[in-house]
Each structure stands twice: as C-alpha cells, then as structure tokens.
Amino acid sequence: MTRVHTLPLPTPAAEEQAAIRPSAVSDVDVSTQSVRQGGIPVFPISGEIHYSRIPREKWMPVLTAARAGGLTHVSTYVLWNHHEPVRGRPDFTGDLDVRAFLETAREVGLGLILRIGPYAHAEARHGGLPDWLVDSALPLRTNDPAYLAEVERWYALLAEQVRGIPFFSIQVDNELYDGADHLSRLREMAERLGLRAPVWTATGWGGAQLPDGFLPVYGGYPESFWVDADVEPDLRSHANFYPSPRRDDDSIGADHRAGEPVAEAVRAPHPFTTCELGSGMTSAYHRRLDVPAADVAALAMAKLASGSVWQGYYMYADGRNPRRGLQESHAAAGPNDFPEIAYDFGAPVQVDGATRPSWAALRRQHLMLARWGSTLAAMPAFFAEDAVDSPDVSGLRWSVRSNGSSGFVFVVNRHPGVDLPAHEGVRFEVGETVFPEVDIPTGAVFAWPFGMPLGDATVHWLTAQPVTEVLWRGAPLLVAAATDGIPAQLSADADVTEIAADRGRMWELTRDGGVVARVLVLDEADADVIAVADGRVVWALGAVVTDGGAVSFAGDAAASPRLEVLDDGGWVAVEVEPGHAAEVAVTLERSAGAPPAGAEQGGRASIPAEWDAAAIVTIAVDPADERTLRLEWIGDVARAWVGDRLVSDALWTGRPWRIPADLRGDATELRIEILPGKPSARVRFPSPAPVRAGITRAELEGRTHARV
C-alpha cells in the first residue's frame, strides 16, 4: 500500500536583520534566517580543535585533515589554567602558542572562532579556571569587581597575543544560564581590550537567558557521558535524531548546572546555528562510549533537516592535556572522573592527524554544503503533520527545506541502538513535485533534491543525495550518493539517458542532441571516499585529500593505498608506493592481579588510585621513528610512562590506543600499566567488561604521501 507524505510549500518569510550587534567592521552579518557575507548567505562548518591539547608538531596535519574534511572554520577554547597555573606567570610558548596555532589555521584556509572563557567546561579542571582563582574565595562568574579585575588582566594578556588576527566570531564564558548581565560585561571588557569579531555567540542550551546582541548557538550529542552508568538510553540525547523545530538540548552540561532544566528560552528571531554537534563522544570513567560513524552522520543530517545554517562540531579532533592534573575529576570535586592526559573524543580526526570513519561520513555532507550550502542556508525548514518526533520510534522522520520552488527532502531513519522499521511504499509529494514510490530501509539517512538547477537543466527530483558538482567533458557533472536499498532515479527538464560508467551509474541530460549535464550516482561506500582536488573528482580509500591535490594515507590504508582520478577519459589509477607498518615486540614484565576495590563519588565510579594489580609490559621504541604507535589492548584503564613521566593514558572503549612520536619524545622504551576491569563495577561499557589486562597487538603505523 502506498503511503503518501505530503507537504505544501509556503513562501518563506523575507529575511530581516537579526538582533545581533557587530563589534568589527566587516561584511559579515546575521539575518533572521542565515549568516551572510556581503549580503549573500554562507554556511559555516566549524569544528572544535584545542591547540593546547595537541602537540605543536601535529597542528599542521590535524588542521590540514580538518580543512580537507570540509571545515570552513576552526573553533578553539583558550583554557586559562593551561596558560597561567601560577598567577602572574603566563605561558604562551610551545604547545601553548595560541597565535602560532591561529596563524597555522589561516595558512590552511580556515576561518577563526575564539572561545575565550574565562570558564570553558571542556572536561577541564574547574572548567579551565586556575586553581589559584578558584581558591581565592572570589564570587566566580559574576560581576564582582575583584573577579572582573582578574578576568580583565587575563583578557589583556590574551588580546596582546592575538592582536591583528581577524576572527569570524568570539564567545565569552560558556554554559552560563542566568548571567546575561555578566556576559554583556565580559563582552564590553573584551572589546575594550581589542578583541573583536563581527559575530558574538553564547551557548543557548538549558534555556539559557542571553543578552541582546549575542547569537545563541546550540548543540546536540549522539550519546552522553554525563549521566549515570545505568541510564540506558539517554532519551534527551537521542531526541537529537529527529528533524524538529526544537533547538535546545537541555542535557548538555546538566551535571554542572544547579536545579531542574528550564524550558527553551523564547528569543528574538535568530537563525538556527550550532557549535557543539557531537562528532563523537568522550568517556568518563563510569560511562564508556564508542559512537558509530553512522550515528555521527545521522545526527548531523538531523540538524540540517531541522534548519541548521551553521554546523559546528565538538570535538572535531582528539587531544591530550599538556600536563597532569588538568582534567575534570572527582579529586577536584567534579561530577565525572576522567584520565589525566587523554582527551579522546572518538573524534573524526585523531591527535596525530589520522582520521576515523566519521571524518569521511561527515565529509560527504560537507562536500554537499560546499556546493549548495549558500542555497540551503536561505531555505527554512518545514515539518509535515505526519512527521514524528521524540520519543516515537515507529513513524517516519522527515522534513523539507525549501525556498518555495526548490529544496531538499530529508529523512533520518536511524536511531542509536534501535533498528527503526523500514517504511514501504513511501511517496513524497512536496508542493508540485511528486517523487516516485520507494521503500525506505532501516538505517536510511538522506537529503534528496528537487527543482535543482544543473547547468542549463533542472533536475525535477533525484532519489540520491548530492555530493558535489564539477565540470567534466565540457558539461556540469552532478556527483551523488545512492541510498543503500533504494534504486537511484531522476527526472529532469531534458532527455535522460543512462550510459555506461566504470563506477556507479551515470545519466546524460541532453537537449536538441547536445549534452547539457550529467549525473553520476555512486554507492554509499564509494561516495564516502570521494574528494575534490583542483576541480577534479578523486577516489581515495582511507586518505586525506586537500584542495591542492596532496594525498595522505594512514593506518591500514597506507599499506595498500588506492587512488583514482576522474579524467575526461574516465577513472585513471594513480600509482602510489605503500607505506610501511611494523609490528612491535611487547615484553610482559608482570601479569595483572585482582582488580582493585572500586571507589565512588556521587554514585559514580572513580578511576582506581591503586595500581599494584596492574599488568606491566615494556615496548622498545626508536626515538627517531616518527610513526604513531598503535596499541590494541584489553583492560579497564591504562597508562604509558617514560621513566617517571606519564606520557599517555586511556580508558578502554574497544578503540585502539594511539601514542604519537611527539608524546614519546626521546624515549627508547615505554612502560605500560594496564588494570583489569572489575565485572561488578558500576561502569557502563560498550561491550562486556574487559576483565583481562594486556596488549593484543602493537605496531608502528605506516603513512603514505602522494599527489594528484
């Protein structure tokens, strides 16, 4: 039986200037619908990358991977306690050189977003506030004159470091729910000291009460470390997988917020902008998480389907704390216990610049936004009466974004931990556009266009998701991704003929005997490895491909690199020399004993303080070897030492543990301690508790570089 899903298309309201007070002479402004530059809508794609949590030697590969993954801007916290652990002795050198990081980001083509605090959260000790300030008994995060004097001194130090660097936006403080006057004072102080940007943002979740002149930005995560171990699932986080007019996610930071969540604040008209879409999720000791790439991509698509005009991710790159004692912990009265060094978010980019599958899954969306983002930013979201919302797990989740004549149909039929039902016999009727009847399988997530201009032609509808558009054989080529389980079909205002293709399916659109455009539809696996370099489509499995054509393979991909370029003659293979990985010998010095007794705080398990029961292994390393050491291991928590220096640590989530050469320094040997898990501990694992302790494989990863 055919199930028709209908949505009439109203004419969108005219854009008006939003109530945003700029602080810099710029052509960037904010309307009620979008962020604009020179009066034209733009679609920022930003990702959080913490310079002070990444070895300086890895800034360039990490930022290069971010830009190649489709980011337009990089966002970073300035963590006060990283820079000034002792009052009056600030440090902006080495890994803490914020200016050098920002200049490196500009060099790779990224715009800049600075989140200056003074409070950041960021799973940092005291939210990034220095101990000496917390211990001062000053009323923190208020307009108390003595507190503001300390912040002003800090802002002045920071302003001097970044003077002359242009910023796209700046955020003061973070997750402040009832301090509108304080946010205004912080902004006034920052501007007076020379910190300026055309857009000032403030986090809007939790029903935050914000002052005029700030753009509220939102977030949403696929999972939550901040709830108790026995909460399964966290329905507040799972609500992010529905296209919906809802913007708030009151679960974010809830364990740091006093009182009950409040209703989403009613605000003056602003566009839907985000700064913390979870492109992974870190683990607290009591709650271990490993978010699948498909969940990351589904959440991001749900926000696009909900009307987002700014995709901002947290975290886009993993990190590590620059020294011990800087993490949120039970010892520092935090609600969660984190490892001292690692800030492993399961992010798209790892601490050494290598990528995870979520990087490719998001890049496919980012390529679409690079080509059609400006168009999409001007399109409001519309929701049909039959589109379901949380907590429904049976109905179809869909929406439309449109300018009244063209647009996209969005479907998100994926939910964490739940196999949503397939929907058979679905036909979308959107305005005057009638899509063909299709069966939507479990897990399908897509955006299908209608009324899309393609050169001199118009695609009436396409049952595949646009990825990019290039000029090929003298005509526009639309590259799209098929939706697994749904045959690709299209209709256009030209004659449509399917022709032979080396990869995927291809159609020519002809008029009066001449080709006016072509459409290439790849399966989803191929679409995830597509990049664009110098206007050419590149197929590169497991590789980072830059706009300039530099290609870098890491991990398993480096051992058997595959690289092809779509030239006028078709797909052409590029020969690449494979990289060299090397298995590393592991010496067991001591087997694990019985797990230590567990401790708790506030009902949440704490990281063990005693390590007498840890298994101990040693690994010989060459200080001249620049390859990343990759460890597959089993256990509860682990630490890596060079002498008496803790260089890396990890909580077990099932993911490999990576120790880049930059962290090993001049070491010739690593000593690894691994505690076994305790089956009865109040710890939520993504799979059965790791009751053993040991390393199952250790290797130095290969890396291969090429050009196209």
Side-chain angles (χ1 to χ4, degrees), residues 45-50 54 61-72 74-75 219-225 237-238 240-241 274-283 288-304 308 311-319 342-370 412 414-417 443-447 465 467 481 484 524-531 540-545 552-557 630 653-658 686:
I45 306 170
S46 60
E48 191 82 10
I49 299 174
H50 295 161
I54 297 174
V62 167
L63 290 168
T64 298
R67 183 71 184 95
L71 295 196
T72 60
V74 63
S75 171
Y221 287 88
E223 255 292 4
S224 313
F225 70 76
S237 288
H238 287 190
N240 290 305
F241 288 81
T274 67
C275 68
E276 288 197 18
L277 300 183
S279 48
M281 177 50 70
T282 194
S283 295
R288 314 294 177 84
L289 303 168
D290 185 22
V291 178
D295 283 356
V296 170
L299 184 146
M301 187 67 82
K303 297 306 178 183
L304 289 176
S308 169
Q311 297 285 86
Y313 300 101
Y314 192 102
M315 294 286 298
Y316 194 79
D318 294 332
Y343 194 50
D344 179 2
F345 227 84
V349 180
Q350 300 178 76
V351 70
D352 59 351
T355 60
R356 287 192 173 95
S358 55
W359 178 86
L362 289 176
R363 178 180 60 171
R364 174 150 47 110
Q365 296 181 20
H366 298 164
L367 285 170
M368 180 179 74
L369 295 175
V412 180
R414 182 178 175 88
H415 192 94
V445 176
F446 58 78
Q465 180 173 309
V467 176
D484 283 350
E524 290 197 86
D526 278 336
D528 273 350
V529 299
I530 287 297
L541 184 64
V544 170
V545 182
S552 175
F553 297 86
D556 295 338
R630 180 180 183 272
T653 60
R655 292 195 296 268
W657 178 15
R658 304 173 67 81

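Just so it is clear, the values below take in all heavy atoms, side chains as well, and ignore hydrogens, waters and symmetry mates.
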Any donor-acceptor N/O pair, [X] side chain to [Y] backbone, under 3.5 Å:
| X | Y | value |
| --- | --- | --- |
| Q311 | I45 | no |
| T274 | G312 | yes |
| S279 | M315 | yes |
| N240 | P222 | no |

State which residue, out of I49, I54, L71, fulfils the side-chain contact (heavy atoms from CB on, under 4.5 Å) condition with L63.
-> I49
Is any side-chain heavy atom of [Y] closer than 4.5 Å to one of [X]?
| X | Y | result |
| --- | --- | --- |
| M281 | R288 | no |
| P348 | Y316 | yes |
| T355 | Q350 | no |
| R414 | P292 | yes |
| V467 | M368 | no |
| L299 | L277 | yes |

Which residues pass the side chain to side chain contact (heavy atoms under 4.5 Å, CB included) test with [X], sequence neighbours left out?
| X | answer |
| --- | --- |
| S75 | E48, I113, R115 |
| P416 | H238, F241, D295 |
| R363 | W359, L367, A531 |
| A370 | none |

Output for pair (F345 CZ, D318 CG), nearest 0.5 Å, gives 9.0 Å
Stepwise side-chain contact (heavy atoms from CB on, under 4.5 Å) test for L369 and L304 = CA-CA 10 Å; L369 295 175; L304 289 176; 4.3 Å; yes
With [X] via side-chain hydrogen bond (donor to acceptor under 3.5 Å, both in side chains) - residues at least two apart:
| X | answer |
| --- | --- |
| Q365 | none |
| D344 | R356, R655 |
| S552 | R703 |
| Y343 | E123, Y314 |

Please assess T653 against L289 for the test side-chain contact (heavy atoms from CB on, under 4.5 Å), listing each intermediate value before the final yes or no.
-> CA-CA 6 Å; T653 60; L289 303 168; over 6 Å; no
For A361 against D528, the heavy-atom pair lying closest together = CA-OD1, 4.0 Å
With sequence neighbours excluded, tell me which residues meet ring pair (Phe, Tyr, Trp, His ring centres under 6.0 Å) with W657.
-> W633
Are E276 and Y313 close enough that a side-chain donor and a side-chain acceptor fall under 3.5 Å?
-> no
Show the numbers, then the answer: is there a side-chain contact (heavy atoms from CB on, under 4.5 Å) between E524 and Q465?
-> CA-CA 10 Å; E524 290 197 86; Q465 180 173 309; over 6 Å; no
